[in-house]
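Quantities reported herein were computed from a predicted structural model and do not represent experimental measurements.
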Number of protein chains: 2
Amino acid sequence: MATTLNDILKAAERIRPHAHRTPVITNSSLNQQVDAQVFLKCENLQKVGAFKFRGACNAVYSLSDEEAAHGVCTHSSGNHAAALALAARMRGIPAYIVMPNNAPSVKKNAVAGYGGLITFCEPTLQARESTLEQIRHDTGATVVHPYNDERVIAGQGTAALELLQDVPDLDVIIAPVGGGGLLSGTSIAATGSLTFPIIPQRVEQIVTVSEAGIIDSMKYVWERAKIIIEPSSAVAVGVLWEQKIDLSGLKIGVIISGGNVDLQKLPWQ
Amino acid sequence: MATTLNDILKAAERIRPHAHRTPVITNSSLNQQVDAQVFLKCENLQKVGAFKFRGACNAVYSLSDEEAAHGVCTHSSGNHAAALALAARMRGIPAYIVMPNNAPSVKKNAVAGYGGLITFCEPTLQARESTLEQIRHDTGATVVHPYNDERVIAGQGTAALELLQDVPDLDVIIAPVGGGGLLSGTSIAATGSLTFPIIPQRVEQIVTVSEAGIIDSMKYVWERAKIIIEPSSAVAVGVLWEQKIDLSGLKIGVIISGGNVDLQKLPWQ
């Protein structure tokens, strides 16, 4: 992977006019609960409610005018699809989104609401990939993968960059890992920073959290910090909650990756 | 009422080491929905989850050391009681809180959790006032009223002050009104500001919002802005939601007063 801190710095410049600089919030109760100083980087308050907008936005605005004119495309039924649709709409270009025909209507509506042009396919990886390839062939659109794309990784890294600008003396950053785009970007932003030499020995540790730990820490953040975080974000908080690694007394940044939750069905009810 | 902009500026200095400077967030979907540029001043992210901490904190730190040594007292079963208890604990002095014996256990626990010394009484205004007077007499504690107190009003005004520092060219500020402390402080911060001459003709309009408008706008803010706001904060958003007054195209600050909600019982479920 060739993504560097310099790519992240350029991405930060590129997306600045389009993305939110999200706040970093602290909560005394949470600090007491986990015996550490916790700084929540609120990507749930990012556009489309997730850090995914950063990567999609960086990819869309990295294109030349000629490339951009053909649009962008991806297969995704999640936050990346919504993020790519919105970034494309901002630039005034089409976004072709391949979704499985069994995707929940709330996700279809989100993508359509941001102006994404949806093509449905059978719910198999093969169908998704072949449908995407057909669209790419027909339109000349640029494929933007949800995470396996350097422009996307650089974009995701801007969240950690901003967090470190706000709190330069963090000891540790915790980020959830799905495809790995956020964690890759975060690692590059952190290890590349002169202000942050402590990380290499620490950040590349993968920790798992129990279902109960996810739900408990999710509810705690809602109740105490008053922000809506999704279960995948609660995973990062859950690392502290379950004290899976000894971080007591340290200054810890947590990337709250998103806040897209069905408010009719909450996991503690 | 003798509270002035200067009192608010002093209050801001006084509470700075103790209170959060809360973020101001924006949301494109909300802007489209209400046809205005909305800036949410997130006092739900304030300590104890409500703007009330500002006033209580200003009152507690306005006391001389001799006054402070006797503690503070109030009768309240809500956010003011929790706020006063926390501010007193920060200064290392006692807070005597009179609560009706039928107060919900969640409220008792909140006050006790912040170290408040609770005295229960019969649930009548007369019992609350006479119990408070007895405590004041016995301890020499200073009474801090939830809103009818200049130190409290000046403290509450610091929320609008910060909002105007962040977004100086607002056309309107909307704040919910209960006892009136927040609205008074907000008006003084706004009308006293040289950057904000437009308000006097506009802000002193009282608007009511329907129950349905409160619930709909509360759920919308949770879903789209990803922050937890309580119904009294949704009242302020509801003014825009129901378009009770014509604010289209304007830049509008909304004081989100708090985020203390029972997550087991949501009004849309």
Checked Thr22(B), Asp262(B), Asn260(B) vs chain A; the most non-hydrogen pairs under 4.5 Å come from Asn260(B)

Start with the C-alpha gap between Ile227(B) and Leu45(A), add the side-chain angles, then the distance that decides, and say whether side chain to side chain contact (heavy atoms under 4.5 Å, CB included) holds.
-> CA-CA 8 Å; Ile227(B) 53 172; Leu45(A) 307 185; 3.8 Å; yes

Quick one: closest heavy-atom pair of Arg89(A) and Gln32(B), and the distance?
-> NH2-NE2, 4.3 Å

Report yes or no: does Glu223(A) contribute a side-chain atom to a donor-acceptor pair with the main-chain N or O of Leu263(B) at less than 3.5 Å?
-> no

Which heavy atom in Lys226(A) sits nearest to a heavy atom in Gly49(B), and how many Å separate them?
-> CE-CA, 3.9 Å

Partner chain B: residue of Asn27(A), Leu266(A), Thr26(A) with the largest heavy-atom pair count (under 4.5 Å) = Thr26(A)

So which part of Lys219(B) gets closer than 4.5 Å to some heavy atom of chain A, the side chain, the backbone, both or neither?
-> both

Donor-acceptor under 3.5 Å (Gln264(A) side chain, Gln269(B) main chain) | no

Find the distance between CD1 (Ile25(A)) and SG (Cys42(B)) and round it off to the nearest 0.5 Å.
-> 9.0 Å

Got a second to check how far Ser29(B)'s OG is from Lys47(A)'s NZ, nearest 0.5 Å?
-> 8.5 Å

